[in-house]
Amino acid sequence: MHDLAVIVVSTNESEWLRACLPTVFARAGDIDLDVVVVDNGAGDGTRELVEAEFSGARVVASDNHGFPHANNRALMTIDARHVLFLNPDTEIVEGTLSDLVQRMDANPEIGLAGCRQVAPDGTLWPSMRRFPTAAGALGEALLSERWPWRPARAGMRELRLDRYATEFDLDWTSGSFMLVRREALESAGWMDERLFLYSDEVDLAFRIKQAGWVVRHLPQMRIIHHAGKMGFNVKGYAQFAYAHRLYAHKHFSPVHRTAFAGALATNYGLRAVGFRLFGSDPDAPKAMRRALRVILGREDAPYEPPPGAAVRPRRLLGREQSDA
């Protein structure tokens with residue numbers, strides 16, 4: 001059994017692999033490592049690039065049925081004590097994977113861990129979050145992150161940046177870097193393929209915490225994350241809104257679900273007006289209006305999940321599988 005399997009899903013992102021994969025190998029440390037790149041059906045040369053330039057990695061082919069589906073295809077081929085879900089637009093710049101696995105081994109209560117993430121200019125990115133709630137969504141609609149005081153329930157992101165130099169527990173971490181214990185995946189279930197894109201990491205962390213594990217920030221590792229590439233992609237914002245709808249349907253009571261939808265609708269409505277009056281990107285108000293229609297149930301998901309999609313089997317390679 002490997003100590004760690006690293007899964008990198010490439011969907012029209014092969015150009016990022018040349019920067020990402022060398023740092024994975026350079027920062028491995030003394031560890032039995034399995035690096036898996038998912039060629040997610042984009043036809044962008046991912047397989048050819050990996051096979052030509054990274055002999056230490058292997059490629060798993062997948063039709064593009066979304067990010068959770070691609071990760072689950074890789075999980076079906078893995079036999080490892082821990083799994084790292086890593087975005088291709090990242091680079092590991094401090095710490096080793098070996099040290100992180102040792103930290104996980106020394107703290108058996110940790111089911112999922114994140115690390116320090118910075119922008120290319122070195123600015124710390126608040127990657128630790130609280131679970132979505134109606135109150136938090138309303139606070140974000142009202143720009144709570146700009147308030148002179150920041151009540152925790154008025155937003156999702158942990159904005160006390162000094163905390164990121166220490167270990168601390170919170171609800172979930174950005175899906176660009178998620179280190180997950182094998183037993184936590186087996187007890188909580190794999191990624192929910194119905195989500196296709198967005199909210200998959202929140203949903204996974206929620207189920208891991210429900211199964212009795214903790215989610216912890218580990219500052220021993222620092223990565224660069226080239227986030228924010230989507231811009232005001234109209235289809236992307238519609239999917240983001242739909243993922244919130246599905247998450248709320250899974251985990252909220254009917255009353256909370258309605259309040260959450262109302263808070264998100266307020267957010268998108270206010271931003272649609274603001275971007276129309278003061279924005280410079282013509283796609284911004286379009287994106288907000290389409291997301292608003294999705295939240296209100298007037299438009300369905302822009303992407304279709306694979307037929308029969310659900311939470312995948314609970315067991316990794318070499319263990320009996322059962323549906324979640």
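Owing to the predicted nature of the structure, the values given are computational and were not obtained by experimental measurement. These numbers come from the heavy atoms of this one structure, side chains and all, not from hydrogens, waters or symmetry mates.
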Does a side chain donor of either Ser10 or Thr46 reach within less than 3.5 Å of an acceptor in the other side chain?
yes
Note, Arg290 side chain near Lys286 side chain (heavy atom, < 4.5 Å):
no
Any side-chain to backbone donor/acceptor pair from Arg73 onto Val60? Under 3.5 Å, distance only.
no
For residues Val83 and Arg182, determine if any side-chain heavy atom of one lies less than 4.5 Å from a side-chain heavy atom of the other.
no
Tell me, do His225 and Asn87 make a side-chain contact under 4.5 Å, heavy atoms counted?
yes
What's the shortest heavy-atom distance between Asp171 and Arg130, and which atoms?
OD2-CA, 3.4 Å
Report the distance from atom NZ of Lys209 to atom CG of Leu204, rounding to the nearest 0.5 Å.
13.0 Å
Can you give me the closest heavy-atom contact between Trp125 and Ala227, atom names plus distance?
CZ2-CB, 4.3 Å
Tyr237 (side chain) donor-acceptor with Leu292 (main chain) under 3.5 angstrom:
no
Separation between CG of Leu21 and CH2 of Trp16, rounded to the nearest 0.5 Å
13.5 Å
For the pair Thr23 (side chain) and Ile92 (backbone), establish whether a donor and an acceptor sit closer than 3.5 Å, ignoring hydrogens and angles.
yes
According to a hydrophobic-cluster definition based on side-chain heavy atoms being under 4.5 Å apart (Ile, Leu, Val, Met, Phe, Trp, Tyr only), do Val234 and Leu197 belong together?
no
Checking side-chain polar atoms at under 3.5 Å, does Thr96 have a donor or acceptor matched by the opposite partner on Asp99?
yes
Cluster check Phe240, Phe260: I/L/V/M/F/W/Y, side chain < 4.5 angstrom:
yes
Taking it one step at a time, do His217 and Asp169 satisfy side-chain hydrogen bond (donor to acceptor under 3.5 Å, both in side chains)?
CA-CA 6 Å; His217 170 73; Asp169 296 347; over 6 Å; no
Acceptor/donor pairs from residues 30-38 side chains to any protein atom, 3.5 angstrom cut, sequence neighbours excluded:
| residue | atom | partner | partner atom | Å |
| --- | --- | --- | --- | --- |
| Asp32 | OD1 | His2 | ND1 | 2.9 |
| Asp34 | OD1 | Arg58 | NE | 3.0 |
| Asp34 | OD2 | Arg58 | NH2 | 2.9 |

So, the side chain of Asp3 versus the backbone of Ser98: is there a donor-acceptor pair under 3.5 Å, distance only?
no
Do Leu75 and Ile7 come within less than 4.5 Å of each other through their side chains, counting heavy atoms only?
yes
Within the 4.5 Å heavy-atom criterion, are Val273 and Arg276 side-chain neighbours or not?
no
Enumerate the ring pair (Phe, Tyr, Trp, His ring centres under 6.0 Å) contacts for residues 263-303, please, sequence neighbours excluded, ordered by first and then second residue.
Phe196-Tyr303, Phe232-Phe275
Go through it in stages, so that I can follow the logic: the residues are Arg157 and Glu145, the test is salt bridge (charged side-chain N to carboxylate O under 4.0 Å, His left out), and I'd like the CA-CA distance, side-chain angles, deciding distance and then a yes or no.
CA-CA 9 Å; Arg157 301 197 302 173; Glu145 292 191 358; 2.7 Å; yes
Below 4.5 Å, heavy atoms only, C-beta onward: do Ser62 and Asp39 meet side chain to side chain?
no
Shortest non-hydrogen contact from Ala154 toward Trp147
CB-CZ3, 3.9 Å
Between Arg181 and Ile110, is there a donor-acceptor pair closer than 3.5 Å when you use the side chain of the first and the backbone of the second?
yes
Decide yes or no on side-chain contact (heavy atoms from CB on, under 4.5 Å) for Ile223 and Val93, but give the supporting numbers first.
CA-CA 5 Å; Ile223 67 169; Val93 294; 5.7 Å; no
About how many Å separate CZ of Arg160 and OG1 of Thr166, when rounded to the nearest 0.5 Å?
10.0 Å
Pair listing, ring pair (Phe, Tyr, Trp, His ring centres under 6.0 Å) test, anchored in residues 33-66, at least two apart:
His65-His69
Side-chain (Asn233) to main-chain (Lys235) donor-acceptor, under 3.5 angstrom:
yes
Measure from the side-chain N and O atoms of Thr123 to the backbone N and O of Ala119, and report whether any donor-acceptor pair falls under 3.5 Å.
no
In terms of side-chain geometry, is the basic nitrogen of Asp192 or Arg207 positioned less than 4.0 Å from the acidic oxygen of its partner?
no
Carboxylate-amine/guanidinium contact Lys250 Asp203, below 4.0 Å
yes
For His249, is the NE2 atom crowded, meaning more than 12 foreign heavy atoms sit under 6.0 Å from it?
no
For the side chain of Asp44 and the backbone of Glu13, is there at least one donor-acceptor N/O pair under 3.5 Å apart?
yes
Shared hydrophobic cluster, Val202 / Tyr242 (ILVMFWY, side-chain heavy atoms < 4.5 Å):
no
Shortest non-hydrogen separation from Met191 to Pro68 and the atoms involved
CB-CB, 3.6 Å
Identify whether NZ of Lys or CZ of Arg in Arg257 sits under 6.0 Å from the centre of the six-membered ring of Phe252 and within 45° of that ring's axis.
no
Donor-acceptor pairs under 3.5 Å, side chain of residues 134-142 to any protein atom, not counting sequence neighbours: which ones?
| residue | atom | partner | partner atom | Å |
| --- | --- | --- | --- | --- |
| Glu140 | OE2 | Met156 | N | 3.0 |

Begin with the C-alpha distance, continue with both residues' side-chain angles, and end with the deciding distance and a verdict on side-chain contact (heavy atoms from CB on, under 4.5 Å) for Tyr198 and His244.
CA-CA 8 Å; Tyr198 304 125; His244 274 90; over 6 Å; no
Nearest 0.5 Å, please: how far is CZ in Arg293 from CD in Glu299?
5.0 Å
If you take all heavy atoms of Asp200 and Leu195, which pair is closest and at what distance?
CA-CD1, 3.6 Å
For the pair Asp89 and Cys20, evaluate side-chain contact (heavy atoms from CB on, under 4.5 Å) and give the outcome as yes or no after the intermediate values.
CA-CA 7 Å; Asp89 61 344; Cys20 173; over 6 Å; no
Do the non-hydrogen side-chain atoms of Trp213 and Glu183 ever get within less than 4.5 Å of each other?
yes
Tightest non-hydrogen contact, residues Phe131 and Phe206, listed as CZ-CA, 3.5 Å
More than 12 heavy atoms of other residues, nucleotides or ligands under 6.0 Å from CG of Asp281: yes or no?
yes
Is Arg116 paired with Glu94 through a side-chain N to carboxylate O contact shorter than 4.0 Å?
yes
Do Leu185 and Leu179 share a hydrophobic cluster, counting only Ile, Leu, Val, Met, Phe, Trp and Tyr and linking them when any side-chain heavy atoms are less than 4.5 Å apart?
no
Working to the nearest 0.5 Å, report the span between CD of Glu193 and CG of Asn71.
10.0 Å
For Ser174, check side-chain hydrogen bond (donor to acceptor under 3.5 Å, both in side chains) against everything at least two apart and list the hits.
Ser176
From Leu4 CG over to His82 NE2, what is the distance, rounded to the nearest 0.5 angstrom?
7.5 Å
Listed by chain and number, what are the side-chain hydrogen bond (donor to acceptor under 3.5 Å, both in side chains) partners of Glu53, not counting sequence neighbours?
Arg18
Quick one, His226 with Glu91, criterion side-chain hydrogen bond (donor to acceptor under 3.5 Å, both in side chains). Give me CA distance, side-chain angles, the key distance, then yes/no.
CA-CA 9 Å; His226 300 269; Glu91 302 162 47; 2.8 Å; yes
Looking at the rings of Phe85 and Phe177, which for Trp means the six-membered one, are their centres under 6.0 Å apart?
no
Are any of the side-chain heavy atoms of His256 and Ser253 separated by less than 4.5 Å?
yes
Quick one: do Glu158 and Arg163 make a salt bridge, cutoff under 4.0 Å?
yes
